[in-house]
Amino acid sequence: ACSGGANSSVDSSTATTTPSVPATTKAETTTTATTKAETTTTKAETTTVTTTTTTTTTTKPETVATTTTATKKPETTTAKPATTTTKKTEPPPANPATTTTKKTEPAPDETKGDSVKFSQNLMPGWNLGNQLEANSGGTPSETAWGNPTITEKLIKKVKAQGFKSIRIPVSYLSKIGAGPNYTIDSKWLDRVQEVVDMCVDNGLYAIINIHGDGYYTVKGSWLLCGESASEQKTIKAKYEKVWEQIAKRFKNYDEHLVFESMNEEFDNTYGNPNPEYYNNINAYNQIFVDAVRKAGGKNNSRYLLIPGWNTDINFTTGDCDSYTMEAKFVIPNDSRIMISVHYYSPWEFCGEEGYDTFYKWGDSVKKFVKPRQSESLVNRQFDKLYNAFIKNGYGVVIGEYGSIDRTSKDKSNTIYRAYFAEYVNYAAHQRNIVTVYWDNGYNGKHGFGLFDRTKCTVTQPEIIKGIINGAKATKAPKAPTE
């Protein structure tokens, strides 16, 4: 839930998204934290990201005229029945293939290579979505959105298919007490730890984050980058305290546990990011890194995952094709950093529930597909990630990607979903980028599910096969024929 925005180019048509919560529920009124607390943070040296857009693949990108506005349906927070479709948020604005070249600033010497090498342990990954980030009226509950209680049997089934890591989205919301201590409910943290243990005890890597606390559309959210400077003081103090507690709880866990600072953090508007608000996100990321490192134990060497604006590829790399960003993503000064982005493009194929017009995927496809928004778009966007981060020694994790089930419209949709998954993984693998498939637990019309979480069985073997094959492929998969 509350996950998903993709973040890459989409064409000139306006894209609409809904987060991984029921499309039929009404978003609740957002409240923000007002407790005042003082905090002192140490300003660390930072690295500003700019990019070079050299194409590294054999697929020649085609120029696509696009606008840079897109709309996205905000995440809702009311409980959903198990039969309701759930999904994710959509990618922000899209931009064309026409690119400009900027000089890339080198990463600090100590980061070169190690982060990219470590990240390969996570490939391929799977999301335990719509569970620990689910909430009802601002109170987290793993069954609030219709999924059953998480079991170790499910985790073992996921591993048996060939997945190497599991991303565990977590919301805290009302489970956080008042300031100045902002104490997390110990029972909730116990449950998070139990699920982490299910993963690491079975030889999997686990990723945990603060997931739904940064949405303007979620009741009780507080990690809001668009609030005033006076409110930011309170937000930053709370954020530091929350991560301090999480990090101390897991301080004895080794590198099999990765922390991700937050999810799709932005001001709930689309278009060119507001520089002041982006600077707040950059500050949150540095606070996160500092809090984790100060927590001691094995946190000193833990790999950390950092998102930019709304996990958007363009806004994180700074390569927005046809226009120049005023705001910049700043990588925290630390030697064990990986970059987090999401990919749901084109949204009309990946997540749009309002209509099922585009149920095929592939540049060679002539009908029911978004022109030039398939393999060529993947290559353009992944090249941006490679040029901005991978070649400078920063691992990249596509923490969410996927496509919804449209077989109710046409049975061939499964073939194209499987091909999409295989090609995305192939293209990522070619660039040493890691992928983590978004699964919201829902199987049926417009669902992202790959498993039945009650029966602990596979529901989409073709898509899983595509993921696993693509993640190790040396040659591009063969495109389906119409």
Side-chain angles (χ1 to χ4, degrees), residues 4 6 8 10-11 15 57 59 62 85-88 90-91 124-127 129 157-158 161-163 343-379 381-382 398 400-430 435-452 457-482:
S8 47
V10 281
D11 72 1
T57 64
T59 304
E62 301 182 48
T85 66
T86 58
K87 61 176 208 178
K88 11 209 21 339
E90 195 246 30
W126 176 82
N127 269 279
K157 190 67 175 181
V158 172
Q161 307 315 303
F163 291 99
Y343 189 79
Y344 292 98
S345 292
W347 182 248
E348 292 85 349
F349 171 78
C350 291
E352 173 59 56
E353 291 186 355
Y355 50 85
D356 288 318
T357 306
F358 304 103
Y359 55 84
K360 294 184 179 182
W361 190 87
D363 287 339
S364 64
V365 176
K366 304 303 181 185
K367 297 180 180 180
F368 310 111
V369 68
K370 294 293 291 183
R372 300 177 299 282
Q373 297 284 300
S374 298
E375 299 95 334
S376 58
L377 178 58
V378 168
N379 289 324
Q381 295 301 95
F382 288 13
I398 299 175
E400 295 182 17
Y401 74 99
S403 60
I404 60 175
D405 189 336
R406 301 183 191 276
T407 53
S408 61
K409 172 69 174 182
D410 192 286
K411 295 296 182 184
S412 70
N413 175 240
T414 298
I415 296 173
Y416 293 96
R417 292 178 72 202
Y419 176 56
F420 167 79
E422 186 168 4
Y423 195 90
V424 165
N425 277 273
Y426 158 74
H429 175 58
Q430 293 303 105
T435 66
V436 186
Y437 184 89
W438 176 257
D439 185 327
N440 61 8
Y442 179 70
N443 291 281
K445 184 178 181 180
H446 298 159
F448 281 96
L450 301 181
F451 298 87
D452 182 318
T457 56
V458 170
T459 58
Q460 297 289 345
E462 299 92 343
I463 297 175
I464 292 176
K465 181 180 179 181
I467 292 170
I468 303 304
N469 287 345
K472 59 186 178 184
T474 56
K475 294 182 179 180
K478 185 178 180 180
T481 56
E482 292 184 279

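The shown structure was predicted, so the numbers you read here are calculated from the model rather than taken from an experiment.
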Novice: Roughly how far, to the nearest 0.5 Å, is the OH atom of Tyr359 from the NZ atom of Lys367?
Specialist: 9.0 Å
Novice: Show your reasoning for whether side chain to side chain contact (heavy atoms under 4.5 Å, CB included) applies to Tyr344 and Ile404.
Specialist: CA-CA 10 Å; Tyr344 292 98; Ile404 60 175; over 6 Å; no
Novice: Quick one: SG on Cys350 to CD on Glu400, what's the gap to the nearest 0.5 Å?
Specialist: 12.0 Å
Novice: Using atom types as modelled and distance alone, determine if a side-chain donor or acceptor of Arg406 lies under 3.5 Å from a backbone N or O of Glu353.
Specialist: no
Novice: Give a yes or no answer on whether the side chain of Asp439 reaches the backbone of Leu450 with a donor-acceptor pair at less than 3.5 Å.
Specialist: yes
Novice: Heavy atoms, side chains only, cut-off 4.5 Å: are His446 and Asp356 in contact?
Specialist: yes
Novice: If you measure from CG on Leu377 to CH2 on Trp361, what distance do you get to the nearest 0.5 Å?
Specialist: 8.5 Å
Novice: With sequence neighbours left out, write down each residue that passes side-chain hydrogen bond (donor to acceptor under 3.5 Å, both in side chains) with Tyr419, or none if nothing qualifies.
Specialist: Glu375
Novice: Under 3.5 Å, side-chain donor or acceptor atoms of residues 460-472 against the rest of the protein: list the pairs with distances, not counting sequence neighbours.
Specialist:
| residue | atom | partner | partner atom | Å |
| --- | --- | --- | --- | --- |
| Asn469 | ND2 | Lys465 | O | 3.4 |

Novice: May I ask you to test the Phe420-Ser374 pair for a side-chain heavy-atom distance under 4.5 Å?
Specialist: no
Novice: Between Arg417 and Ser403, is there a donor-acceptor pair closer than 3.5 Å when you use the side chain of the first and the backbone of the second?
Specialist: yes
Novice: Do we get Lys370 above Phe358's six-membered ring, with its NZ or CZ under 6.0 Å from the centre and within 45° of the axis?
Specialist: yes
Novice: Rounded to the nearest 0.5 Å, how far does OG1 of Thr357 lie from NZ of Lys409?
Specialist: 6.5 Å
Novice: Give me the one residue out of Tyr437, Trp438, Phe349, Phe382 that meets ring pair (Phe, Tyr, Trp, His ring centres under 6.0 Å) with Tyr343.
Specialist: Phe382
Novice: Could you measure the distance from the CH2 atom of Trp126 to the CZ atom of Phe163? Nearest 0.5 Å is fine.
Specialist: 8.5 Å
Novice: Only counting residues at least two apart or in another chain, list the ones meeting ring-ring contact (aromatic ring centres under 6.0 Å, His included) with Tyr416.
Specialist: none
Novice: Taking Asn443 as the fixed residue, which of Asp452, Thr459, Asp405 is the one that meets the side-chain hydrogen bond (donor to acceptor under 3.5 Å, both in side chains) rule?
Specialist: Thr459
